[in-house]
Amino acid sequence: MARIVMKFGGTSVADLDRIRNVARHVKREVDAGHEVAVVVSAMSGKTNELVGWVQNMPKVAGANHSIYDAREYDAIVASGEQVTSGLLAIALQAMGINARSWQGWQIPIRTDNAHGAARILEIEGEDIIRRMQEGQVAVVAGFQGLGPDNRFSTLGRGGSDTSAVAIAAAVKADRCDIYTDVDGVYTTDPRIEPKARRLKKIAFEEMLEMASLGAKVLQVRSVELAMVFKVRTFVRSSFEDPDAPGMGDLLNPPGTLICDEEEIVEQEVVTGIAYAKDEAQISLRRLADRPGVSAAIFGPLAESHINVDMIVQNISEDGSKTDMTFTVPSGDVEKALRVLGENKDKIGYDVVQNESGLVKVSVIGIGMRSHAGVAATAFQALAEKGINIKAITTSEIKISILIDGPYAELAVRTLHSCYGLDKS
Ligand code: ADP
Ligand code: ASP
Ligand code: MG
């Protein structure tokens with residue numbers, strides 16, 4: 001007997017039929033004698049609808065930093081998961097399974113005060129553990145928690161993955177299964193490249209890079225928690241027949257295992273390709289080339305919570321003036337330009353230019369640590385397709401390349417094939 005956390009994403013609970021299908025997956029594990037906690041997302045599209053409603057509300061008079069009250073945003077967007085947790089509990093009961101729903105505040109899942117992007121601080125798992133031991137399935141609303149102000153908090157988009165891994169850690173589950181609409185983690189988004197291959201295993205570090213560089217199959221924070229708390233996490237499909245052979249395999253269920261790199265026997269040089277849309281580039285022209293300029297630019301941007309990513313500084317031709325280019329999410333351009341404008345005198349630049357609609361494609365692989373020439377291969381392959389590179393950043397296990405938006409899919413496919421990742 002094992003203790004298993006099963007998480008089902010939006011498409012897996014998109015309608016009542018799909019919720020009944022999820023109940024069959026849960027029943028399989030219950031019938032096998034396991035203790036089960038389930039974490040659900042909102043029905044697919046629901047969270048977007050709720051966010052849209054909030055964004056269409058009139059702006060609060062006098063508010064200059066935020067268009068709405070983030071605590072009310074959380075109260076509204078957390079509701080999607082409340083509905084699916086109740087519906088799944090009912091579907092399970094209808095199959096003769098003892099089940100009840102749990103909202104974040106009922107467990108409670110305690111978070112910090114960062115409404116809209118809260119972090120889980122603590123989960124009091126005793127109650128659900130006791131109920132699970134008594135044979136009751138706990139159906140937990142994902143994405144939501146309880147803030148220190150005693151109000152709803154939410155964990156950022158895609159946050160149900162994080163709820164699931166955190167609950168698995170709190171109840172010391174043997175496994176955390178993330179059920180979604182693909183049957184595992186692929187070498188790249190299978191929607192963009194049908195030749196992508198499913199990975200049997202992927203190392204935590206690689207999955208962290210893939211997720212933070214755009215592969216939304218897992219929320220970044222969930223991978224961090226799985227790594228820190230050593231949660232055995234699988235990504236697998238809810239769209240397969242719940243009772244097909246092997247679906248209930250305890251040690252090797254179908255799907256992709258996220259694990260320590262030591263567990264991966266045949267490590268490839270490149271494991272995957274990720275992409276992130278909606279990047280924007282901002283350039284400051286003719287800056288003074290002196291100590292303190294970068295601090296004067298990026299300090300105020302950081303204080304305004306603008307996430308700066310790639311940074312490129314040109315070498316100054318005459319030793320007095322230079323250019324600085326960096327990227328931010330497209331949604332932050334206006335705010336960034338305002339902050340730069342407010343600090344123009346302190347920074348001392350001539351003109352500021354910006355360009356939105358760019359895409360960052362990234363090549364990821366732990367094997368890069370010990371192999372030379374990985375970046376050169378990418379540059380050559382992109383050049384052959386006539387794709388212009390606007391900026392580059394690298395780390396030990398990844399190369400990120402900024403390109404024009406319309407080339408995104410071509411670039412992903414080109415990189416995927418130039419490292420031999422296409423399935424034969
Ligand atoms: P859920 O609603 O179940 O949380 P998401 O839409 O958040 O599902 O994540 C699943 C999607 O992630 C897939 O449909 C797929 O298009 C996308 N995806 C992006 N990169 C990858 C990848 N490398 N492997 C698998 N799926 C990926
Ligand atoms: N429903 C939330 C979202 O769409 C959380 C999740 O699905 O993980 O972002
Ligand atoms: Mg998701």
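Start at 1 and go down the list; that is how both ligands and their atoms are numbered.
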Just need the protein heavy atom nearest to atom 27 (C) of ligand 1, so name the residue and atom and give the distance.
V217 CB, 3.7 Å
Nearest non-hydrogen contact with atom 23 (N) of ligand 1 belongs to which option: Y179, F8, Y275, Y186?
Y186
Strictly by modelled atom types, are Q103 and S85 linked by a side-chain donor-acceptor pair under 3.5 Å?
yes
Counting only heavy atoms, tell me which of S238, A211, A215, G184 gets closest to atom 25 (C) of ligand 1.
G184
What orientation do Y179 and H25 show, parallel under 30°, tilted 30 to 60°, or perpendicular over 60°?
tilted
Nearest non-hydrogen protein atom to atom 14 (O) of ligand 1, with distance, is R191 NH2, 2.6 Å
Are K390 and E279 within salt-bridge range, i.e. N to O under 4.0 Å?
no
Note: heavy atom closest to atom 4 (O) of ligand 1, options K7, K216, Q219, belongs to K7
So, R18 and D15, do they make that salt bridge, N to O below 4.0 Å?
no
For the residue pair T188 and E193, confirm or rule out a side-chain donor-acceptor distance under 3.5 Å.
no
For atom 21 (C) of ligand 1, which protein heavy atom lies nearest, and how many Å away is it?
D189 CA, 3.7 Å
Is the contact between V182 and ligand 1 made by the side chain, the backbone, both, or neither, using heavy atoms and a 4.0 Å cut-off?
side chain
So OG1 of T187 and CG of D422: to nearest 0.5 Å the spacing works out to 7.5 Å
For P190, is the nearest heavy atom under 4.0 Å from an atom of ligand 1?
yes
For E134, is there an ion pair with R131 - N to carboxylate O distance below 4.0 angstrom?
no
Less than 4.0 Å from some atom of ligand 2, heavy atoms are found in residues S41, A42, T47, E81, F143, R157, G158, G159, S160
Among protein heavy atoms, which sits nearest to atom 11 (C) of ligand 1, and what does the distance come to when rounded to 0.1 Å?
D181 OD1, 4.0 Å
Using a cut-off of 6.0 Å, state whether more than 12 heavy atoms not belonging to F379 lie near its atom CZ.
yes
Between D69 and R71, is there a side-chain N and carboxylate O pair less than 4.0 Å apart?
yes
re atom 2 (O) of ligand 1, the protein heavy-atom contact at minimum distance is G10 N, 3.1 Å
State plainly whether the residues D332 and R338 are in salt-bridge range, i.e. N to O under 4.0 Å.
no
Check D112 with R119, please: is the shortest side-chain N to carboxylate O separation under 4.0 Å?
no
Quick one: does T187 get an N or O within less than 3.5 Å of an N or O on ligand 1?
no
Looking only at protein heavy atoms, which one is nearest to atom 3 (O) of ligand 1, and what is the separation?
T180 OG1, 2.7 Å
List every atom of ligand 1 that sits less than 4.0 Å from any heavy atom of M210, numbering the atoms from 1 in the order shown and giving each element.
23 (N)
Within the 4.5 Å heavy-atom criterion, are V39 and I167 side-chain neighbours or not?
yes
